[in-house]
Colleague: 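Pasting a structure here, questions to come.
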Amino acid sequence: MEPFEKRYDGLTVEESMQRFWEENHIYDFAADDTKPLYSIDTPPPTISGSLHIGHIFSYTQAEMIARYRRMQGYHVFYPFGFDDNGLPSERLVEKETGLMARDVPREEFRQKCVEITQKYEAEFKALWQRMGFSCDWNLQYSTVSENTQRLSQTSFIELAQAGHAYLQESPVLWCTECQTSIAQAELDSKDVDSYFHHIHFHIGDQPLEIATTRPEMLYGVVCVFVNPDDARYRHLVGQMVTVPLYGFEVPLLTDDKVAIDKGTGAVMCATFGDSTDVEWVAGHGLPYKKVLLADGAIAPGVPFVAGMKVRAARKEIVRLLEERGLLLKSEKLTHTVSVHERCGTEVEIIPSRQWYIDVLSRKDELLAAGDKIQWHPPQMKTRYVNWVTNLKWDWCISRQRYFGIPIPVWYCKACGKPAYAALEQLPVNPLETDYDGICACGCHDFLPDKAVLDTWATSSITPLLNRDKAKEYGVDEGFMPMSMRTQAHEIIRTWAFYTIAKSLYHTNEIPWFDTMICGFVLAKPGEKISKSKSNSKLSPGELIQSYSADAIRYWAANARLGTDTYFDIQDMQDTSKRFMTKLWNSSKFVLSHLHDFDPAHRPERLLPIDRWIMERTNAAVLEAAKWLDEYEVGLARKVVDDLFWKDLCDNYIEIAKERLYQPDLHGEEPRRAAQHAIYYCLLTVLKMYAIYIPHEVEYIYQKGLRGFVGALSIHLTEWPKPPAPNAELLAFGETLIAALTEVRRYKAERNLSMRADIDRAVIAGDAKYRDWLLETEKDFVACTHAGEVIYDLK
RNA sequence: GGACGCGUAGCUCAGUUGGUUAGAGCGCUCGCUUCACACGCGAGAGGUCCACGGUUCGAGUCCGUGCGUGUCCACCA
């Protein structure tokens, strides 16, 4: 055996272990495997900036499950992907280059996007490799690759032809900064200080006071609503209200949604001030009056404020109202507005022609699918259910952007009817390829769709992408549903929801049997670390360089599944380093006593205490497996820690030590018995830690255990499957350790060294363990330095 | 406003079918150069398990109410 270094040097070891794994294809997804399949749908991180500790936290927890399943004997399909198109990536490119997408030629911008996302992908990949991830990089996918484009466009055309995706001119959530439509899931909310302006409308010569936060929409008012039960206005319902400044008239109608006690109880309905306006316009058949343009400017033809941006227009209208005595009062208020999560701009609602996927009419099926999936932890299902139940909009999948998957559609110049690309010609970019068919109306001229697909419209097909990849390895039948989806809880409403929706449409099945929903890393109370906010002081790369990948991995397994955690660098450093050193030293000790060990030769007789530590180890294996089956890597780690540090190191090794050092005093066969026990326990403990700290464990295995076990890598060995432990042996061990603790307390109270001699020690306990205790007496005396052992057994 | 968490030692947290004396790590105190490890070992101090009410022979654990805290969703008139 090679000598063990005095100190474990994680940084050097980790790189050489990673090289070893790569050279020996330890984690490859082999084509000819006959083991049961375990497939993992892992999140392709969005290429929108640098990764942070939160990613490391959740991805690492899932990686541990991949390792666990692999050791359990599954054929683990564990790919990795990158989500490298769409608005998030565009914003990254705009930030890095200082260019705005709309100011440069489309192709030039696209090229920049490709360059920059590739650069980041290389960085991301290097980081995951440096973390020791056991995915097979041959399975890697990207959401902007040609394959993905083909699959994503196919998905779109299939849904469109089946009527599940449809084109509609309707009010849409719109970001005037990014100048694109966005989906409900892309909304964030922000508290803003504003004013509740009370404006003087009138009905004939009767004044009518209406409060609004959006006076600039005055020109877009199409009616005024009051609650049908509001006695103040009941007699006025049906009459015409005159809009101030502009002088036109709109009807006074009733609607239940109007809150009697809010403002004055009368609401102006404008196209479109908010999503309630949209419902009202649709529900009451009201007309549309254009006020706002796509770039956030007031439309030409709107008196007083045409061409102004929203805020300037608001100020101007308020000024005019005030000047003419039509502004009754302005109350300060803080209210919450919807903003675009990518840029923070207040979202507007503008009619436009967009593609949607029908989800509203499928709520029941979506909820049923949620019931069929096992959510871990279970309460995460509620978030999904709440989201589906409260959906108000169909899923808008078109984006008026540049770097994404083109919508494979042209429109007839004459009748506007959409024409779809043929499946064989995909992927296709309608901006570069002309449609060569003829419209039903006889027209030959077509205009390309300039929009691209929402990035979620593509990332929601990762199970299908994975299935295609698995086919290359001969795995096809039974691939869907996949075994497991892992992700953080923030994207249940997006990635999980959209994936389920697409899966139902394309396979009529749930996408996966299980979900593993990880928590976040919070920087400090209330503030989550995210790429866009870039408030992660230490980058993952620097953290690995300073503390090693294993240290970060060990830390990442500190929490219950789904639970958010705070990142405390000091805590990570102390706990992990201490643990890794302890494992190093104890392994060093065990292996130094195995120089003449032969695993094939089982000692004829194990002492009871040897059997105890082996049973104790088995008990921990079963308990850890129970947690891991529930994806609780943190709770499982705790179980192993407890076994390893307390019972194996502090108790058993201390008790059996002298037997290993001095066979002249204890005999050769008892030494062999102790060897057998420490070999079994160390190997088993290392196998369990293999999913947490794969590098250190592999290094120890290679140095001292591979010769005994045979397997090329500890990661190719099997997760232990012990029988149920013997409860009597466990209880006997507790009896002995209680006596040992008493002796230790006696010495500590007298400031004695643990090696100090004492006259006698007492073992108290159940008489049924008498024989076992007597057999252990020699070890007990060696450990306690007691002159005599008194038995107090009942 | 709704949903879902959380509130246990100074700090971070475990405590999954309700059952002896409520646990771990860090921190603190005292001691131990002990031949794997001082990045260690041993011992100790430290808790009205947020509050109040209820169910029960028995509640940190179950139920209700309140308070505090966090996340997600809604709230733009």
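So that the names make sense, note that chain A is the first sequence line, chain B the second, and so on, each numbered from 1.
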Colleague: Both distances below 3.5 Å, Watson-Crick or wobble geometry, any strand: find the nucleotide opposite B:A3.
Modeller: B:U71
Colleague: Could you pull out all residues at least two apart from A:V291 that satisfy side chain to side chain contact (heavy atoms under 4.5 Å, CB included)?
Modeller: A:M217, A:Y219, A:I298
Colleague: Examine B:C32: is either OP1 or OP2 under 4.0 Å from a nitrogen or oxygen in the side chain of A:R750? Give yes or no.
Modeller: no
Colleague: Who is the Watson-Crick or G-U wobble partner of B:A51, with both distances under 3.5 Å?
Modeller: B:U65
Colleague: Classify the nucleic acid contact of A:E749 as base, sugar-phosphate or nothing, counting any heavy atom under 4.0 Å across all strands shown.
Modeller: nothing
Colleague: With the side chain of A:L635 defined as its heavy atoms from C-beta on, choose the nearest nucleotide among B:U71, B:C73, B:G15.
Modeller: B:G15
Colleague: Counting only side-chain N and O atoms of A:R578, is one of them less than 4.0 Å from OP1 or OP2 of B:A38?
Modeller: no
Colleague: Between A:A748 and A:T563, name the one whose nearest nucleotide on RNA chain B is closer to the 5' end.
Modeller: A:T563
Colleague: A:C649: which residues meet the side chain to side chain contact (heavy atoms under 4.5 Å, CB included) condition with it, sequence neighbours left out?
Modeller: A:K582, A:S586, A:F644
Colleague: Does NZ or CZ of A:K703 lie under 6.0 Å from the centre of the six-membered ring of A:F4, at an angle within 45° of the ring axis?
Modeller: yes
Colleague: So which one's nearest nucleotide on RNA chain B is more toward 5', A:N751 or A:V258?
Modeller: A:N751
Colleague: Please determine whether a side-chain nitrogen or oxygen atom of A:W387 lies at a distance below 4.0 Å from atom OP1 or OP2 of B:A3.
Modeller: no
Colleague: So, is A:R493 near the phosphate of B:C73, with a side-chain N or O under 4.0 Å from OP1 or OP2?
Modeller: yes
Colleague: OP1, OP2 of B:C76 versus side-chain N and O of A:T276: anything below 4.0 Å?
Modeller: yes
Colleague: Report yes if a side-chain nitrogen or oxygen of A:K582 is closer than 4.0 Å to either non-bridging phosphate oxygen (OP1 or OP2) of B:C41; otherwise report no.
Modeller: yes
